[in-house]
Amino acid sequence: MAKEKISIIVPCYNEEESLPIFYEEIISIAKSMKKVDFEFLFVDDGSRDNTLEVMRALSKKDKRVRYISFSRNFGKEAAMYAGLENAIGDYVAVMDADLQDPPTLLPVMYKDIKESLYDCVATRRVSRVGEPKIRSFFARQFYKIINKISKADIVDGARDFRLMTRQMVDSIVGMREYNRFSKGIFGWVGFKTKWLEYENIERVAGVTKWSFWKLFLYSIEGIIAFSTAPLVIASIIGMLFLLIAFILIIVIIVKTLAFGDPTAGWPSLVCIIFFVSGIQLFCIGIIGQYLSKTYLETKGRPIYIVRERETDKK
Ligand code: UDP
Ligand code: MG
């Protein structure tokens, strides 16, 4: 009987320093797992350094190494999608190139998925050591909010590092949306997931590609992609103000007719106009967010564009 194959997908953006270290680690783990075959699928997400050369060299040396190189930087989500779509293994794992996802967990994950009825063994960090305090704080708040307002189960501290069955991978590949938020997609497709926990590990080399601002925008994207609650909130705020305005108008009319009070002060009026128009702009902004995402989805653009693969002669 042919051996089962595990595909390891590694999105890489400017990882020339980390990738060789990662490769050494992963092949030593692969060597220890004699019962399975491996495929290493590196996705070069339009790196500006020598990541692609590193991949070419590795794939020349090792037949198990495949790579896909994008025409530009499409983001980690696109890189993961390309990996999932092109992987041929019976099981597929997604891992970062910086060894923040410990490869030593792989044998454990494989054992779990083989021996139990799980479709996916995923990992989550139980600590955020080595991360700026303020970032951890906002990350926590984000998970709290999105889980309240979204149907998809999005786990705090969940990494993208997970081993999945072919069945689950196929259903994820079937979700061809352009605005991808994997943490939501993994939860949305369902299946039985087992969680392994570990302490945060700092990256071996290079620097993180996520600034606070990038993370903030990403969190908004996550909310927009997996919840329509902001739209409901906008409508509720609108209705509330309509009600308040209605009551105020009646009060003023009654006051003027019954007591002959002159209606006081235009400064208060200006405040109200500012306040209400502010809320209107805010709500239009929310609608705009959904509209813009819808706009991008309807264009049906490809999620990524390939410039080179290991099968190309270069
Ligand atoms: N990455 C990518 N495209 C990007 C940004 C990041 O493929 O536009 C990859 C990166 O090379 C790494 C993984 O995504 O393998 C995680 O990135 P990073 O370590 O910078 O994020 P962090 O671990 O700090 O959240
Ligand atoms: Mg990292």
Side-chain angles (χ1 to χ4, degrees), residues 75-78 80-81 84 94 120 122-126 128 131-160 162 168 171-193 195 210-247 272-301 303:
K76 185 184 179 189
E77 293 290 343
M80 282 200 290
Y81 185 80
L84 293 174
V94 182
C120 172
T123 58
R124 62 183 285 257
R125 297 186 291 182
V126 281
R128 290 176 172 268
E131 200 184 60
K133 285 254 160 11
I134 179 119
R135 179 186 284 201
S136 309
F137 172 76
F138 278 107
R140 291 234 165 75
Q141 297 309 315
F142 166 72
Y143 284 109
K144 252 192 215 147
I145 292 173
I146 194 153
N147 274 313
K148 278 223 176 81
I149 62 179
S150 159
K151 283 202 191 75
D153 184 20
I154 296 164
V155 179
D156 184 5
R159 306 271 313 166
D160 292 326
R162 49 177 66 226
M168 180 163 171
S171 51
I172 292 170
V173 170
M175 291 176 78
R176 288 205 51 91
E177 60 213 71
Y178 183 77
N179 298 289
R180 303 190 73 76
F181 182 69
S182 282
K183 287 186 196 340
I185 292 176
F186 290 141
W188 193 91
V189 294
F191 293 101
K192 295 218 179 323
T193 301
W195 292 94
W210 294 92
S211 63
F212 186 80
W213 181 239
K214 245 179 145 179
L215 274 176
F216 177 70
L217 291 181
Y218 186 59
S219 67
I220 300 257
E221 218 152 87
I223 291 176
I224 301 283
F226 278 91
S227 165
T228 47
L231 287 173
V232 177
I233 294 171
S235 320
I236 291 177
I237 292 177
M239 278 192 300
L240 207 67
F241 274 82
L242 198 69
L243 196 73
I244 293 174
F246 190 65
I247 294 172
I272 293 170
I273 292 175
F274 266 48
F275 188 58
V276 174
S277 54
I279 289 185
Q280 279 178 343
L281 280 180
F282 175 70
C283 293
I284 292 176
I286 292 178
I287 298 170
Q289 285 294 322
Y290 284 94
L291 192 64
S292 74
K293 296 294 172 203
T294 315
Y295 175 57
L296 284 174
E297 292 292 349
T298 52
K299 287 191 189 193
R301 286 180 179 167
I303 296 166

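Residues forming a ring-ring contact (aromatic ring centres under 6.0 Å, His included) with F186 (at least two apart in sequence, or on another chain): none. In terms of the ring-ring contact (aromatic ring centres under 6.0 Å, His included) criterion, F191 has no residue partners (sequence neighbours excluded). Listed by chain and residue number, I237, F275, V276, I279 satisfy the side-chain contact (heavy atoms from CB on, under 4.5 Å) test with F241 (two or more places apart in sequence, or in another chain). Every ring-ring contact (aromatic ring centres under 6.0 Å, His included) that F138 has, sequence neighbours left out, goes to F212. K183 is linked by a salt bridge (charged side-chain N to carboxylate O under 4.0 Å, His left out) to D160, counting only residues two or more places apart in sequence or in another chain. Applying the side-chain hydrogen bond (donor to acceptor under 3.5 Å, both in side chains) criterion to R125, with sequence neighbours excluded, gives N200. R124 is linked by a side-chain contact (heavy atoms from CB on, under 4.5 Å) to V126, V155, W195, E197, counting only residues two or more places apart in sequence or in another chain. Applying the side-chain contact (heavy atoms from CB on, under 4.5 Å) criterion to T123, with sequence neighbours excluded, gives L105, M109, R159, F161, L196, Y198.
Considering every non-hydrogen atom in both R162 and M168, the closest pair reads NH1-CE, 4.2 Å. Contact between T193 and G190 at its shortest, heavy atoms only, is OG1-O, 4.4 Å.
Atom CG of N179 sits about 4.5 Å away from atom CD of E297, to the nearest 0.5 Å. In this structure, CD1 on I185 lies 4.5 Å from CD on E177, to the nearest 0.5 angstrom. The CG atom of L215 sits 12.0 Å away from atom CD1 of I220, with the distance rounded to the nearest 0.5 Å. The structure places OG of S182 at 7.5 Å from CD1 of I172, a figure rounded to the nearest 0.5 Å. Remark: L84 CG to M175 CE distance equals 12.0 Å, nearest 0.5 Å. With values rounded to the nearest 0.5 angstrom, L296 atom CG is found 6.0 Å from Y178 atom OH.
Applying the salt bridge (Lys or Arg N to Asp or Glu O under 4.0 Å) test to residues at least two apart or on different chains, none of the pairs has a partner in residues 223-245. Counting only residues at least two apart or on different chains, no salt bridge (Lys or Arg N to Asp or Glu O under 4.0 Å) pair has a member in residues 234-247. Identified under the side chain to side chain donor-acceptor pair (under 3.5 Å) test for residues 132-149, with sequence neighbours left out: E131-S136.
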Can you give the donor-acceptor pairs under 3.5 Å from side chains of residues 281-294 to other protein atoms, not counting sequence neighbours?
from, atom 1, to, atom 2, distance (Å)
Y290, OH, S227, O, 2.5
S292, OG, Q289, O, 2.9
K293, NZ, E221, OE2, 3.4
T294, OG1, Y290, O, 2.5

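Annotation for K192: atom NZ does not count as buried by contact number, only 12 or fewer foreign heavy atoms lying within 6.0 Å.
Using a 30° and 60° split on the angle between ring planes, F181 and Y218 fall in the tilted class, from 30° to 60°.
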